[in-house]
Amino acid sequence: MKANCWVKPNTVSVENVPDPAILNRRDAIVKITSTAICGSDLHLLDGYVPTMQKGDIMGHEFMGEVVQVGDGVDKDKLRVGDRVVVPFPIACGACTACRAELYSLCENSNPNAGLAEKFFGHPTAGIFGYSHLTGGFAGGQAEYARVPFADFGPLKVESDLTDEQVLFLSDILPTGYMGADLCDIKPTDVVAVWGAGPVGQFAMDSAQVLGADRVIAIDKEPYRLEMAERAGHTTINFEEADVRSALLELTGGRGPDKCIEAVGMEAVHGSAPIHAYDRAKQAIRQESERPHALRQAITSCRSGGIVSVIGVFGGFLDKFPSGSWMNRSITLRTGQAHVQRYMKPLLKRIEKGEIDPTRVITHTLPLQRAPHGYDIFKHKKDNCEKVVLKA
Amino acid sequence: MGDDKLTRMLGWASIGLGAPLVLAPSRSARAIGVDDGPQQRAVVAGVGTREFVAAAGLLGQGSPAWLWTRVAGDLMDLRLLGTALRNRALTARVVKAALKQDHRAALNRTIAATGAVAAITGLDLYAAITRSRGSHRRSQGDVTLTAAVTVTQPPHEVYARWRQLESLPTFMAHLDDVTMTSPRTSHWRATAPFSKTVEWDAQITDDVPGERLGWRSLDGSAIRTAGEVRFAPAPGGQNGAQDTEVHVKLSYAVPAGKLGTAIARYFGEDPHQQLDDDLRRFKQVLEVGEVVRSEGAPWGKRARQEFPQHPARPLTTKELAEVRSS
């Protein structure tokens, strides 16, 4: 089959690889119809996430049709022929974390848990196509994929919704939604979202459907801010305006009640010297993150507010505003999305038309052109917001 | 702790020797027949300081490593004195008449000092060798490892699974095979570091169903090992499900003592890490029925030994056949 493989930092290529096979009894093989490139794939692409190996298949957002099941798969839950969306965290459904609906912390799905433990203190779940630290599972930017615990995680889609309407249930829609969910949104809340990429857009929509009074998008790409505006959100371009003054102005001097960080470890800063400082420290591996958006979210947040972090971080950061965080009673919440927790309720919202996931898609390409998709997404060429690949 | 008599004595000797060198470097220099120049005074004071550091180590920690630093210091002193002797001898030949008497006396003092240092070196060497051997013997004693994991099954079920000793090799990376030879005795085969195979017989020494299991190798076995697993109810669990804390304690004699452990660790075989990974897989076996595999770690229980791993892409037919036949 064809699959998009990581070759070396900043290089991916579509290669011929063997077809996947059942390795565990509860595996299923899925023939992929649609898959996507995620912002977090860009952290793998440029080598900021350790333990990538040459030949690893990328991709953790995919859906398709079940073509084979292992003999341990519960036939009442999954059969050959089912159309499924596959959640990116691999979760067993039986461990303490899964029972607490903390699926991205599944205690059984990462064969390299011992390695992850060395990096993080405690291990995290397996993730498709997301380095060997998260298990070394082949990803979904391919024609087929092996899906472990297939009778637990994957969401069966029986309605006639299109792939484009349900594909993002695999990651970015639940991720954006969790960002808002962690904010305990009240009707009086003003919610600010750093980053107007696909996850940021869905965090904004989610904050809206969860009842926020107003949602503010912060980014520097005019086309991304326009996309947020079209969805009814207020915008701040941090290259044109001072974020702090703009937020104070928009919130009557209080600051946003809830802040969502949807940027992560490769943030850019409006101030060239501060960006250069973090960029330099990152380049010489003195810090693994460029945490500018996180710093600004914390210092901008209303006293007593909540900052929810769904942008991806990988290691250690410098100049954490601990004084602002502690003295002003800021609550910090975060996590890789517990996708399985949100898939069904979000599918209902899509069916009812409350959320339209297709609004972020700007490019649809054949799988063969995945490297081109990475290029335009990474460099924000051609107003690229979200690339869907057709296998 | 420095509770060895000779080690402590040498520690005090270091203080006795170091104090005059640091407090009165020029008189000390003259006493050993060395010229009283600024360079010589600095060297003498330096040697004194070194003695204080050695004393602190010997009286504080008392580790044999400090005895070896003394030996190294002695050799340095002998070298310095050797230089002094050579200089003295050369000067003596040049300045023949007037100062001859003085030089003769100084040379004698240097020779005496050298003799004394040589004797101390002998004593230090003796102490270092004998005390190191002692600590080596201690380190050849049992290495004890502990690890714990919580499993979402009740204690009696978790106990029952462990009690099937013959299934331990499915999740314990280094165990190849366990065979029951009687209800309480078993034969074990394992891969030791550097791919050597070791075999031994063990007997169950403690067996309380649902609570604990203990075993040890039989006398005369090739390796000496003992272990204990406790199955304790995890906090909570009143309503329905009772989780279990599995606490494992393993001890065994390491073939080459601490050195062997260090070398094995260098080659990626840290026994503690192995035990952690083994318990994680035991949890997998209980909670999801088997050891979890990925394309990067298709061999399941060998995951940690496979770095760099198989790329995260499907296996070839040949690779798959190998995995399935193992």
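All chains are named by letter (A, B, ...) in the order of the sequence lines, taking the proteins before the strands, and each is independently numbered beginning at 1.
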At a 4.5 Å cut-off on heavy atoms, which part of [X] comes close to chain B: side chain, backbone, both, or neither?
{"X": "Arg26(A)", "result": "both"}
{"X": "Ala113(A)", "result": "both"}
{"X": "Asp27(A)", "result": "neither"}
{"X": "Ser109(A)", "result": "backbone"}
{"X": "Asn24(A)", "result": "both"}
{"X": "Met58(A)", "result": "neither"}
{"X": "Lys54(A)", "result": "backbone"}

Out of [options], which one racks up the most heavy-atom pairs below 4.5 Å with chain A?
{"options": "Glu287(B), Lys283(B), Gln309(B)", "value": "Gln309(B)"}
{"options": "Glu319(B), Arg281(B), His310(B), Gln153(B)", "value": "His310(B)"}
{"options": "Pro314(B), Pro311(B), Gly296(B), Gly300(B)", "value": "Pro314(B)"}
{"options": "Val151(B), Thr152(B), Thr150(B), Asp277(B)", "value": "Thr152(B)"}

- Query: If you check every heavy atom in residues 158-173 of chain B against those of chain A, which residues fall under 4.5 Å?
  - Reply: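 Under the 4.5 Å heavy-atom cut-off, nothing qualifies.
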- Contact winner vs chain B - Leu23(A), Asn108(A), Ile57(A), heavy-atom pairs under 4.5 Å: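 Heavy-atom pairs under 4.5 Å are most numerous for Asn108(A).
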- Top contributor to chain B contacts, counting heavy-atom pairs under 4.5 Å, from Pro123(A), Gly55(A), Gly139(A):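 Top option by heavy-atom pairs under 4.5 Å: Gly55(A).
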Atom [atom1] of [X] with >12 non-hydrogen neighbours under 6.0 angstrom:
{"X": "Lys249(B)", "atom1": "NZ", "answer": "no"}
{"X": "Phe120(A)", "atom1": "CZ", "answer": "yes"}
{"X": "Lys75(A)", "atom1": "NZ", "answer": "yes"}

Proximal to chain B - members of [range], heavy-atom separation under 4.5 Å:
{"range": "residues 76-94 of chain A", "answer": "Cys92(A), Ala94(A)"}
{"range": "residues 125-138 of chain A", "answer": "His132(A), Gly135(A), Gly136(A), Phe137(A), Ala138(A)"}
{"range": "residues 142-153 of chain A", "answer": "Arg146(A), Phe149(A)"}

- Looking only at heavy atoms, what is the nearest atom pair of Asp56(A) and Ala312(B), with distance?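 So the two residues come closest at OD1-N, 2.8 Å.
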- Message: Counting C-beta onward and ignoring hydrogens, is there a side-chain heavy-atom pair between Glu107(A) and Val149(B) closer than 4.5 Å?
- Response: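 Result no, sub-4.5 Å side-chain heavy-atom pair not found.
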